Amino acid sequence: MSIGEFVHDETPSSEIDRLEALYRPLADAVRDLVDATIRTTVDDATIRRTQADVEALVARLRARQLDGPAGVRFNSEARAWNWGNAVVGQRNALAPPLHLVRDPGGLLHADVVLGAAYEGPPGLVHGGVAALLLDHLMGETASAGHSRVTLTGTLTMRYRRGTPLGPLRLEGRIDREDGRKVYVVATLADAEGVTVEADGVFIVPRWA
Ligand SMILES: CCCCCCCC(=O)SCCNC(=O)CCNC(=O)[C@H](O)C(C)(C)COP(=O)(O)OP(=O)(O)OC[C@H]1O[C@@H](n2cnc3c(N)ncnc32)[C@H](O)[C@@H]1OP(=O)(O)O
């Protein structure tokens, strides 16, 4: 990976805001479609008709599109956008609707509601999904408000008990720093308390 893959793009922030407001409801609708596909109990004919409808919608969107992934772009106003990001991509229906909030004092938190699409053991969040969300929150924590690039070096999870699907809270903070290494601790919790603890080393890469 190199800094060359972060693309400088002079689209004004106001236009990015407009596009995000346009695409976010589409991503929300597709996310809802994923949930509906998992949980529907309609008859066979309705499933086949729906499949044909969805294929037609896909063909409509594919009429014009990028050759590859959306990438990470930024403008001179320090506005960055990463529409395909697996956790916070505004156009990515696979990404849970995670909204990160930076608290005074350096804590970063996010509230999220995980539904049927994130299941592992019955009724519980998939362990890899828990790691995905924590990894992203911890990377954002280490980057200290996007003031530096950090990449996950080592990530350790301790699954204390199953995490039920439903409303959850993530919290992360920097524990300590040592040169280019940023040590971050984080938790995933439900209403009863912490379900997963994580600690990780996030590295400011040599090329940054
Ligand atoms: C704001 C956006 C938030 C996004 C959050 C999402 C986070 C992610 O998922 S990032 C994607 C997953 N991670 C990756 O792909 C990273 C892949 N690995 C790499 O690119 C490199 O190995 C990288 C950057 C981690 C280290 O490379 P480099 O900068 O050359 O490190 P290097 O100079 O060898 O080592 C620097 C220090 O880090 C330590 N270190 C290097 N790699 C690791 C590691 N994997 N784990 C722990 N420590 C490490 C070294 O021991 C060294 O320590 P010291 O200074 O005490 O000797």
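Order of appearance sets the numbers: ligands from 1, and atoms from 1 within every ligand. Nothing here was measured: the structure is a model prediction, and the numbers come from that model.
- Taking every heavy atom of Gly139 and a limit of under 4.0 angstrom, the matching atoms of ligand 1 come to 3 (C), 5 (C).
- Here the side chain of Asn82 pairs no donor or acceptor atom with the backbone of Asn85 at under 3.5 angstrom.
- Atom CZ of Arg158 has 12 or fewer neighbouring heavy atoms from other residues, nucleotides or ligands inside a 6.0 Å radius.
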Residue pair Asp103, Arg173: steps toward the salt bridge (Lys or Arg N to Asp or Glu O under 4.0 Å) verdict: CA-CA 10 Å; Asp103 305 317; Arg173 65 175 172 80; over 6 Å; no

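- Checking only distances, Ser143 never comes within under 3.5 Å of ligand 1, N or O to N or O.
- Counting atoms of ligand 1 from 1 in the listed order, those under 4.0 Å from a heavy atom of Asp135 are 7 (C), 8 (C), 9 (O).
- For Arg180 (side chain) and Val204 (main-chain N/O), a donor-acceptor pair under 3.5 Å exists by modelled atom type.
- Considering backbone and side-chain atoms together, Val201 places no N or O closer than 3.5 Å to any N or O of ligand 1.
- Residue Gly153 has at least one heavy-atom neighbour below 4.0 Å for each of these atoms of ligand 1: 44 (C), 45 (N), 46 (N).
- When the shell of 6.0 Å around NE2 of His8 is examined, it contains more than 12 heavy atoms from other residues, nucleotides or ligands.
- In the vicinity of Thr154, heavy-atom distances shorter than 4.0 Å reach the ligand 1 atoms 44 (C), 45 (N), 46 (N), 47 (C).
- Residues Thr152 and Asp135 bring a donor and an acceptor atom of their side chains to less than 3.5 Å of each other.
- Of the N or O atoms in Glu140, none lie within a sub-3.5 Å distance of an N or O in ligand 1.
- Looking only at distances, a side-chain donor or acceptor of Tyr159 sits under 3.5 Å from a matching main-chain atom of Gly127.
- Remark: among candidates Arg148, Arg206, Lys181, the nearest residue to atom 39 (C) of ligand 1 is Lys181, based on non-hydrogen atoms.
- Nearest to atom 38 (O) of ligand 1 by heavy-atom distance, out of Ile203, Asp178, Val204, is Ile203.
- The parts of Thr152 lying near ligand 1 are both backbone and side chain, judged by heavy-atom distances below 4.0 Å.
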